[in-house]
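None of these values were measured; they are calculated from a predicted model. Chain A is the first sequence line, chain B the second, and so forth, proteins listed ahead of strands; every chain is numbered from 1.
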Amino acid sequence: DARVTQTPRHKVTEMGQEVTMRCQPILGHNTVFWYRQTMMQGLELLAYFRNRAPLDDSGMPKDRFSAEMPDATLATLKIQPSEPRDSAVYFCASGLDRDRGVGRRGETQYFGPGTRLLVL
Amino acid sequence: GENVEQHPSTLSVQEGDSAVIKCTYSDSASNYFPWYKQELGKRPQLIIDIRSNVGEKKDQRIAVTLNKTAKHFSLHITETQPEDSAVYFCAPSLPGRRALTFGSGTRLQVQP
C-alpha cells in the first residue's frame, strides 16, 4: 500500500532557527503539494509542483519559506528563519496528473501524515 | 480565487441518523468536487468526488450531489456510525488547477 511519507513527524525549535521538512511522494506520482493547517486558517496551499517544476507558490511567504524538488522522490520545504506564527501542521500530498488538455480535471491527492511544527 | 463556504461548521447526530454537509463555491468554472475526511490527528483522505458532468454519485453509505446552477455540492452520509466522527472538507477546483482550495471544515460528531 503506497503512501506519502514525511519527516520529521514532530519538530520543536526556537524562533530564528532553520526548519527543513521532507516529503517522499508516492512512486510514479507527478504532482506534489505542500499545505499548512492551523486552527485559525484551516488548510492552505503553500506550494505546488508538477513534474518537479514549481507551478504555484503564491500562498508561501517568500521571504522565509522555500520549496524545492531535488528529484522526483523528494520534496523539501524550508523555513528560515522560523517564527512562532509558523507553528502548524504541514502536509505534503502527491497525485498523478494524467490529463494534458487545457481543461484538465482534478485527481485524487494522497496526503502524508504531516509534520507538526512548534516554534517557541 | 475560489471562495468556498461550508455549512454547518459543526454537526452532531445520533448513530443511525443521516448527516448532510453543504459546500458553496463561487467560480462557475469549477469542474471537480471532492470531499476529504480528516480524523483527529490524522491526514486528510479523499472519501468521494464528483465531476461536473455528473449530478450524483454514491459509494455505500456516502453520496455526493452537485447543483452547478446554484454552485453548491453536498455530502450525504446515511446510517451514521461513531467512526464517521471526523472533520469533513470540501475542495472544489478549477480546470487546469490541481491545487485544492479547502472549505473551513465541518466537524461531525456521531453520538452512540
Exercise for the section: Decide whether A:Val119 and A:Trp34 are clustered together by the hydrophobic rule: side chain heavy atoms of Ile, Leu, Val, Met, Phe, Trp, Tyr closer than 4.5 Å, transitively. Expected result: yes

Handout entry: B:Pro34 versus chain A, the contacting section by heavy-atom distance below 4.5 Å
Key = neither

Practice task
Check each atom of A:Gln37 against the heavy atoms of chain B and say whether the ones under 4.5 Å are side chain, backbone, both or neither.
Solution key: side chain

Problem - hydrophobic_cluster_shared for B:Trp35 and B:Phe89, side chain cutoff 4.5 Å - result: no

Practice task
Output the option from A:Gly114, A:Pro113, A:Gly95 having the highest count of non-hydrogen pairs under 4.5 Å with chain B.
Solution key: A:Pro113

Problem - Heavy atoms of other groups near A:Leu120 CG, more than 12 under 6.0 Å - result: yes

Exercise for the section: Answer yes if A:Val19 and A:Phe65 sit in the same cluster of Ile, Leu, Val, Met, Phe, Trp and Tyr residues linked by side chain heavy atoms under 4.5 Å apart, and no otherwise. Expected result: yes

Completion exercise
Bottom line for B:Phe33: the part with an atom under 4.5 Å from chain A's heavy atoms is neither

Problem - Neighbour count above 12 (heavy atom, 6.0 Å) for A:Arg64 CZ - result: yes

Problem - Closest-packed option against chain A by number of heavy-atom pairs under 4.5 Å, given B:Val87, B:Leu46, B:Thr101 - result: B:Leu46

Practice task
Would you indicate whether B:Glu5, at its atom CD, is surrounded by more than 12 heavy atoms from other residues, nucleotides or ligands within a distance under 6.0 Å?
Solution key: no

Exercise for the section: With rounding to the nearest 0.5 Å, note down the distance linking CZ in B:Arg43 to CZ in A:Arg3. Expected result: 4.5 Å

Practice task
Rounded to the nearest 0.5 Å, what's the gap from CZ on B:Phe102 to OH on A:Tyr35? Could you check?
Solution key: 5.0 Å

Exercise for the section: Please report the closest heavy-atom contact between B:Tyr36 and A:Gln109, naming both atoms and the distance. Expected result: OH-N, 3.1 Å

